Amino acid sequence: MHPIKKELELAWKALSDEQAHVGWRSIEIARFGPTILRAARYYPDNTEAILMGFESIEISSSISLPCGKGFSMERLKSKSTNENTVWLSLVREVDGLFELFNAMVDDIINTLVNLSSYEEIKTYQTFLGRVRAWQEFMKRGQEVLSPESELGLVGELHFLKALLNFPIPINNILSCWSGPENGLQDFLFGSGAVEIKSTLSQNYFPAKITSLEQLDDSTIKPMYLGGMRFELSNDGHNLSEVVSDIKELIVADAYAKFKFETLLLHAGYSNLHDFNYTRKFHLKDFFLLEIDNDFPRLTYGNVHAGVKNARYEIDLQPCLDKKISLSEVINILGVV
C-alpha cells in the first residue's frame, strides 16, 4: 500500500463521527504540485470521500462531472485561504460498496503519484479521466466480463502486443485502440481500421458481426479484419497475465501506463476480478484479411433499403487463402 493511501485510510477512521453536524470534515493528506488532496467525510451520512483542490486552473461551473454506480462527484466552495482554489469532491454513496470505492481511490492515488511531475492542468485531466473510466466500469456493478467478452479482450490485447514490436510510439498505438470506448472497429489508424475477432473453434472460424456499419468501408478505408484463433491450454496465459505482459513492455512510460489502464477500465477489466479469469489462452493462429468487394459481409450498400440493422456471423475459414501479414497492413496504413 502506498504511504499516501495508508494515511488516507487512517484519516477516514479519525474523521468518523456519528454525532457530527451536517457538512464536511477533512484533513489534508498530500500535494501533487499545487494540487491538494484531502481525506474527507460528509455528514450526516458519514461516507468516505476525497477532496481535490486545484489552485492554478479554471474549471467551468457548467462542466458535466462524472457520477457512477456507488459514487458521486461535485464542485464545492473554496476550502483554503486561496479563494481561487477549485475543489472537486469524490464521495461514496451510502449504498455504494466500500471495497469498490476504496479500489477506485487507490487506483487514482497511484496514478497521480506516477504522474506527479505533470502541470496541474494535466493532473486535473488525469484525475477526471480516471474517474470517468471508473464510471464506465461501475456501470457493470460487480459483474465480471462474460466468457465471450473475456476472449474478445484477450484477442485485442494480443494484437496490441503485436503492434508494440513495430517502431511506433506507444501512445500512438494506444490512441488507435478504440474498441474499449465503443468504437465501431477495434483499432483506428488515420483513415483506416482493423477489427479483431477471436475464437476457440478449431474446425472453422466464426466471426460475429454486430452491425451493418462494422465492416462498411465506404467511409473508413482500407479496412482489415484480424482473426485470432486460441485454444485453452496450460501453456497459455490468462487475461490478467496478458495485461501484466503489456504493462511490463510499457512500464518506462508513466503516461502510456495510465492510458492503458484507463482503456482497460472502459473495456470492463479491473484486477479486482482477476481471480475469475482462470482460463489460459494459447494463440494458435493470427491472420489479417482485407475487407474488399469480394469479402462476405452485410452493409447498408448491399442489403434492401428496408433493413435498418443486422447481427450476423461469417465463417472466415474459406477466406484464409487471401490473408496478408501485419507488416504489410502496417505499411499500407502508414502507421510506421
Side-chain angles (χ1 to χ4, degrees), residues 1-57 59 63 65-135 137-138 254 258 261-262 265 270-272:
M1 182 186 295
H2 193 278
I4 293 177
K5 184 58 170 47
K6 188 173 182 179
E7 286 187 39
L8 179 67
E9 293 190 356
L10 290 172
W12 277 341
K13 289 181 181 178
L15 290 168
S16 183
D17 182 358
E18 299 293 342
Q19 306 301 318
H21 297 293
V22 173
W24 288 98
R25 297 182 69 189
S26 67
I27 301 172
E28 182 173 324
I29 296 297
R31 290 187 178 236
F32 305 98
T35 304
I36 307 166
L37 169 66
R38 299 183 71 91
R41 283 183 178 271
Y42 182 74
Y43 294 91
D45 296 332
N46 195 24
T47 48
E48 298 83 2
I50 60 171
L51 306 181
M52 295 289 293
F54 300 93
E55 295 189 342
S56 62
I57 61 174
I59 303 175
I63 188 172
L65 296 172
C67 182
K69 187 176 182 179
F71 76 88
S72 61
M73 194 175 187
E74 63 179 280
R75 179 173 174 159
L76 307 177
K77 294 181 179 179
S78 178
K79 291 183 172 294
S80 71
T81 54
N82 183 354
E83 291 299 319
N84 293 322
T85 301
V86 177
W87 290 90
L88 296 179
S89 66
L90 183 64
V91 190
R92 180 178 67 85
E93 296 287 350
V94 174
D95 57 351
L97 291 174
F98 174 76
E99 292 78 9
L100 198 54
F101 180 78
N102 195 40
M104 174 175 64
V105 171
D106 189 29
D107 174 69
I108 289 170
I109 288 175
N110 286 332
T111 300
L112 293 177
V113 168
N114 291 332
L115 302 178
S116 59
S117 62
Y118 284 12
E119 295 179 355
E120 188 169 39
I121 183 63
K122 196 73 171 180
T123 301
Y124 163 71
Q125 292 169 343
T126 298
F127 172 64
L128 209 58
R130 199 58 152 218
V131 175
R132 291 193 192 283
W134 275 98
Q135 177 185 21
F137 177 78
M138 286 184 177
F258 153 73
E261 291 172 341
T262 300
L265 285 170
S270 166
N271 57 14
L272 290 172

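A quick note: this is a predicted structure, and the numbers were derived from the prediction, not measured. Only heavy atoms go into these numbers, but all of them, side chains included; no hydrogens, no water, no symmetry mates.
The main-chain N or O of Glu55 is found under 3.5 Å from a side-chain atom of Glu120 such that the two form a donor-acceptor pair. Here the side chain of Trp12 pairs a donor or acceptor atom with the backbone of Ala49 at under 3.5 angstrom. A donor-acceptor contact shorter than 3.5 Å links the side chain of Ser270 to the backbone of Leu272. Formation of a donor-acceptor pair under 3.5 Å by the Asn114 side chain with backbone atoms of Asn110 is found in this model.
Contact record, Thr262 with Gly129: CG2-O, 4.2 Å, taken as the closest heavy-atom pair. Here the closest heavy-atom approach between residue Arg41 and residue Asn46 is recorded as NH1-O, 2.7 Å. Considering every non-hydrogen atom in both Pro66 and Phe71, the closest pair reads O-CE1, 4.1 Å. Nearest heavy-atom pair across Leu15 and Ala39 is CD1-O, 3.5 Å. Scanning both residues, Val94 and Arg92, for their nearest heavy atoms gives O-NH1, 3.6 Å. The two residues Tyr43 and His21 make their nearest non-hydrogen contact at CB-O, 3.2 Å.
The structure places CD1 of Ile109 at 12.5 Å from CZ of Arg130, a figure rounded to the nearest 0.5 Å. One distance of note links OG1 of Thr111 with CD of Glu261; it measures 6.0 Å at 0.5 Å rounding. One finds the CE atom of Met104 at 11.0 Å from the CZ atom of Phe137 (value rounded to the nearest 0.5 Å). From Ile57, atom CD1 reaches atom OG1 of Thr85 across 10.5 Å, with rounding to the nearest 0.5 Å. Considering NZ of Lys69 and CG of Asp95, their distance stands at 9.5 Å, rounded to 0.5 Å. Atom CH2 of Trp134 sits about 8.0 Å away from atom CD1 of Ile108, to the nearest 0.5 Å.
Residues Val105 and Glu48 fail the side-chain proximity criterion, which asks for heavy atoms closer than 4.5 Å. Between Phe127 and Leu37, the closest side-chain pair of non-hydrogen atoms is not below 4.5 Å. Taking the side chain as every heavy atom from C-beta outward, Asp107 and Leu265 approach each other to under 4.5 Å. Two residues are said to be in side-chain contact when any heavy atoms from C-beta on lie closer than 4.5 Å; Phe101 and Val91 fail this criterion. Between Thr35 and Leu112 the shortest side-chain heavy-atom distance does not fall below 4.5 Å. The side-chain heavy atoms of Leu128 and Ile63, taken from C-beta on, include a pair separated by under 4.5 Å. Residues Leu51 and Tyr42 fail the side-chain proximity criterion, which asks for heavy atoms closer than 4.5 Å.
Judged by distance alone, the side chains of Ser72 and Glu93 do bring a donor and an acceptor atom under 3.5 Å apart.
A salt bridge links Lys5 to Glu9: one of the charged nitrogens lies within less than 4.0 Å of a carboxylate oxygen.
When the shell of 6.0 Å around CD of Gln125 is examined, it contains more than 12 heavy atoms from other residues, nucleotides or ligands.
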